[in-house]
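Each remark here refers to the structure printed beneath this line.
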Amino acid sequence: ADGSSDNGYNIDSDEIYVEEAPPAPDMTVRGLSVPETVTQGEEFEATVTMDNDGEMEANYLIRFKLNGAISEVEYSEVDAEETGDTDNADFSLPAGTHTIEAVVIDAHNERHVLTETVTVEENSPPTFDGQPAPAGANGISVDPTLRWAGADPDGDDLTYTVTLEKGDTTPDQTVVRSTDRTSVTPETLEYGTTYYWQVTVTDEHGVSTTSEVYRFTTRPKPNAPPSVSVPDKVTTAVGNQTQIDATTSSDPDGSIVSYE
């Protein structure tokens, strides 16, 4: 006989049995975590943690909000029978107290709203102490040492990045990156050339200050003496005037102007 189905029960003339429910996700949103305090300039994560106790993948969407405005939207999934799955959003905020909200929307359009606050402590940017050198000078060695000094109102550890370039008032060729030293000697430079250089100081929280652009000119290339080339032997009669050919002589600078 033909069977009929009602409310999950299958009924026919011979037997009655209960149909198994199909696999389904079973997602639990465990919470939102942010640090209580960070320092201005630092990047931090807001993390949502979820479990899925079901036998099927759970799809969801997260809207991360900052002070009520949507900051980032994530769409992802939690594998079946997975615990501790996380989704993150990155923030770097000005000083003050901020509200971070995560709205998790599952496949059934159910919303889970999680809210936390984070306090961002003020951080003063680093500065420069004194005048870097060389700056505005001429006749500088082709193997100069660039020197500078940094300072930080909060006493933070500092690192420096130095750029240097010839003939360019916006130097972008890096000589040294993220060093804690306050001097550097670049590779040998060219004679009689104007160079521009700049320093960026960064504190331990990632806040940076860039110096003005400094200029210096290296000294002219030293004049090397010419190399004289004449015949090994010249034969002439006594009393005759003799001319010696020295035109095969050479000068490293290419500037022979006379012979005597």
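Both backbone and side-chain heavy atoms feed into the values below; hydrogens, waters and symmetry mates do not. This structure is a prediction, so every number in the text was calculated from the model and none was measured.
Under the ring pair (Phe, Tyr, Trp, His ring centres under 6.0 Å) criterion, Phe128 pairs with no residue, sequence neighbours left out. Shown here are the ring pair (Phe, Tyr, Trp, His ring centres under 6.0 Å) partners of Tyr195, two or more places apart in sequence or in another chain: Phe216. With sequence neighbours excluded, no residue satisfies ring pair (Phe, Tyr, Trp, His ring centres under 6.0 Å) with Phe64. Considering only residues two or more places apart in sequence or on other chains, Ala151 meets the side chain to side chain contact (heavy atoms under 4.5 Å, CB included) condition with Thr127, Asp129.
Of all heavy-atom pairs between Tyr214 and Ala135, the closest is CD2-CB, 3.7 Å. The two residues Pro125 and Pro153 come nearest to each other via the heavy atoms O-CD, 3.4 Å.
With contacts defined as side-chain heavy-atom distances shorter than 4.5 Å, the pair Leu146/Val162 qualifies. Side-chain contact between His205 and Asp156 is present, with at least one heavy-atom pair separated by less than 4.5 Å. Residues Ile105 and Val103 are in side-chain contact: their nearest non-hydrogen atoms beyond the backbone lie under 4.5 Å apart. Residues Leu158 and Asp180 are not in side-chain contact: their nearest non-hydrogen atoms beyond the backbone lie 4.5 Å or more apart. Side-chain contact between Val29 and Val48 is present, with at least one heavy-atom pair separated by less than 4.5 Å.
Listed by first then second residue, pairs satisfying ring-ring contact (aromatic ring centres under 6.0 Å, His included) with a partner in residues 37-58 read Phe44-Phe91, not counting sequence neighbours. Residue pairs meeting the side chain to side chain donor-acceptor pair (under 3.5 Å) criterion with at least one member in residues 139-155, sequence neighbours excluded, are Asp143-Thr188, Thr145-Thr185. Sorted by first then second residue, the side chain to side chain donor-acceptor pair (under 3.5 Å) pairs that include residues 53-75, not counting sequence neighbours, are Tyr60-Asp87, Asn67-His98.
Val207 shares a hydrophobic cluster with no other residue; no ILVMFWY side chain has heavy atoms under 4.5 Å from its own. In the hydrophobic clustering (ILVMFWY side chains linked at under 4.5 Å, chained through shared members), Met56 stands by itself.
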Distance-only criterion, 3.5 Å: show the donor-acceptor pairs between side-chain atoms of residues 30-40 and protein atoms not counting sequence neighbours.
residue : atom : partner : partner atom : Å
Arg30   : NH1  : Asp51   : OD1          : 3.0
Gln40   : OE1  : Asn123  : N            : 3.1

Please tabulate, for side-chain N and O atoms in residues 106-120, each donor-acceptor pair with protein atoms closer than 3.5 Å (sequence neighbours left out).
residue : atom : partner : partner atom : Å
Asp106  : OD1  : His108  : N            : 2.9
Asp106  : OD1  : Asn109  : N            : 3.1
Asp106  : OD1  : Glu110  : N            : 2.9

Ignoring hydrogens and angles, write down the donor-acceptor pairs under 3.5 Å from the side chains of residues 169-178, residues two or more places apart or on other chains.
residue : atom : partner : partner atom : Å
Thr170  : OG1  : Asp168  : OD1          : 2.9
Thr174  : OG1  : Arg177  : NH2          : 3.4

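Asp90 contributes atom CG, which lies 4.5 Å from atom CD of Glu43 (distance to the nearest 0.5 angstrom). One distance of note links CG of Leu61 with OG of Ser76; it measures 10.0 Å at 0.5 Å rounding. In this structure, OG in Ser183 is found 11.0 Å from OH in Tyr160, a value given to the nearest 0.5 Å. Here CD of Gln198 is found 11.5 Å from CD of Glu165. Values are rounded to the nearest 0.5 Å. We find the OG1-CD distance between Thr97 and Glu121 to be 10.0 Å, quoted to the nearest 0.5 Å.
Using modelled atom types, one side-chain atom of Asn52 and one backbone atom of Asp26 make a donor-acceptor pair closer than 3.5 Å. A distance-only check finds no donor-acceptor pair linking the side chain of Trp197 to the backbone of Lys166 [under 3.5 Å]. Looking only at distances, no side-chain donor or acceptor of Glu77 sits under 3.5 Å from a matching main-chain atom of Ala58.
Between the side chains of Thr193 and Thr218, no donor-acceptor pair is found at a separation under 3.5 Å.
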Verify side chain to side chain contact (heavy atoms under 4.5 Å, CB included) between Ile100 and Leu66, making sure each step is shown before the conclusion. CA-CA 5 Å; Ile100 307 293; Leu66 170 63; 3.7 Å; yes
Test side chain to side chain contact (heavy atoms under 4.5 Å, CB included) applied to Thr202 and Thr161, step by step: CA-CA 8 Å; Thr202 304; Thr161 295; 5.9 Å; no
Let's go through Thr86 and Thr47 carefully: what are the C-alpha distance in whole Å and the side-chain angles of both, what is the deciding distance for side-chain hydrogen bond (donor to acceptor under 3.5 Å, both in side chains) to 0.1 Å, and is it a yes or a no? CA-CA 6 Å; Thr86 60; Thr47 302; over 6 Å; no
Audit row: Ser208, Thr200, side-chain hydrogen bond (donor to acceptor under 3.5 Å, both in side chains) steps and yes/no: CA-CA 7 Å; Ser208 298; Thr200 297; over 6 Å; no
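Under the 4.5 Å side-chain heavy-atom criterion for ILVMFWY residues, a single connected hydrophobic cluster contains both Val184 and Leu189. When hydrophobic clusters are built by joining Ile, Leu, Val, Met, Phe, Trp and Tyr residues whose side-chain heavy atoms come closer than 4.5 Å, directly or via intermediates, Val213 is not grouped with Val199.
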